[in-house]
Amino acid sequence: MPLINFTRIDRAILWGGTPPPDLDLVAHRPRLSNASLQLVSGDADEFIGEDVIQKHKERLKEAGVPFQSHSYKGGHRLDADILMRLALE
C-alpha cells in the first residue's frame, strides 16, 4: 500500500516538478485537498517546460485538487524571493 495512505500532508511544494504521473489524484483528493499544494517553476526551466506544467495544472483541476502556482524568471533553480515568501506563509 502506498505511503500516502498513511501520511498526513500539511504542505507540499513541488519546485521544478509535478505530481507523480501515476498518482491517482482523484483517489487521494481528500488528503491532497487538506494540504497546501504549491507548484513552483522557472519560465526558462530546461528540465520541465511550460507545456508539462500546464498539463499537470489541468490534471489537478480536473481531479478537484486545489493548488497555487508560482513562477519566476529563470531556469531550474531556487528563487530567493519565492522561497522566502513560501517560508513565511
Side-chain angles (χ1 to χ4, degrees):
M1 184 165 287
L3 186 58
I4 193 170
N5 291 331
F6 302 103
T7 305
R8 187 181 89 207
I9 303 168
D10 293 321
R11 188 173 199 196
I13 300 173
L14 303 176
W15 200 295
T18 61
D22 60 342
L23 179 64
D24 185 342
L25 295 173
V26 173
H28 296 293
R29 180 178 43 226
R31 178 169 277 116
L32 293 171
S33 293
N34 290 327
S36 172
L37 180 59
Q38 311 290 322
L39 302 179
V40 185
S41 60
D43 64 359
D45 192 316
E46 58 274 20
F47 295 106
I48 185 165
E50 183 60 29
D51 56 330
V52 174
I53 296 291
Q54 287 302 323
K55 175 183 166 187
H56 284 278
K57 285 180 183 179
E58 286 302 315
R59 197 172 147 237
L60 288 163
K61 286 178 188 174
E62 289 172 8
V65 176
F67 66 94
Q68 290 181 321
S69 182
H70 311 271
S71 64
Y72 55 90
K73 297 276 185 209
H76 195 78
R77 62 172 177 76
L78 292 176
D79 179 81
D81 292 335
I82 292 179
L83 184 60
M84 183 60 73
R85 189 173 25 167
L86 291 173
L88 295 174
E89 287 183 354

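Just so we're clear, the structure is a prediction, and the values are computed from it rather than from any experiment. Here, residue 1 is the first one in the sequence, and each next residue gets the next number.
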TODO: Taking all non-hydrogen atoms of both residues into account, name the closest pair between Gly64 and Ser33 and its distance.
DONE: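 Looks like O-OG, 3.8 Å.
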TODO: Might you point out which heavy atoms bring Glu46 and His76 nearest each other, and give the distance in Å?
DONE: OE1-N, 3.4 Å
When hydrophobic residues are tied together by side-chain contacts of less than 4.5 Å, even through go-betweens, does [X] share a cluster with [Y]?
X	Y	answer
Leu23	Phe67	yes
Val26	Val65	no
Leu86	Tyr72	yes
Leu14	Val40	no
Ile9	Ile13	no

Open item on the list: Quick check: do Ile53 and Ile48 have side-chain heavy atoms less than 4.5 Å from each other?
Closed with: yes
Open item on the list: When you compare the side chain of Leu25 with that of Leu32, does any pair of heavy atoms fall below 4.5 Å?
Closed with: yes
Open item on the list: Nearest 0.5 angstrom please: Arg59 CZ to Thr18 OG1, how far?
Closed with: 7.5 Å
Task: Interatomic distance, Ile82 atom CD1 to Met84 atom CE [nearest 0.5 angstrom] - done: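 Answer for the CD1-CE pair, Ile82 versus Met84, is 13.0 Å.
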Task: More than 12 heavy atoms of other groups within 6.0 Å of Lys57 NZ - done: yes
Task: Worked check of side chain to side chain contact (heavy atoms under 4.5 Å, CB included) between Trp15 and Gln38 - done: CA-CA 8 Å; Trp15 200 295; Gln38 311 290 322; over 6 Å; no
Open item on the list: Name the residue from Asp81, Asp79, Asp45, Asp43 that meets the salt bridge (Lys or Arg N to Asp or Glu O under 4.0 Å) definition with Lys73.
Closed with: Asp43
TODO: Please list, chain by chain and in numerical order, all residues satisfying side-chain hydrogen bond (donor to acceptor under 3.5 Å, both in side chains) with Arg85, sequence neighbours excluded.
DONE: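 Once residues adjacent in sequence are excluded, Arg85 has no partner under the side-chain hydrogen bond (donor to acceptor under 3.5 Å, both in side chains) criterion.
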- [ ] Applying side chain to side chain donor-acceptor pair (under 3.5 Å) between Gln54 and each of Glu50, Glu58, His56, report the one that passes.
- [x]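 Among the candidates, only Glu50 passes.
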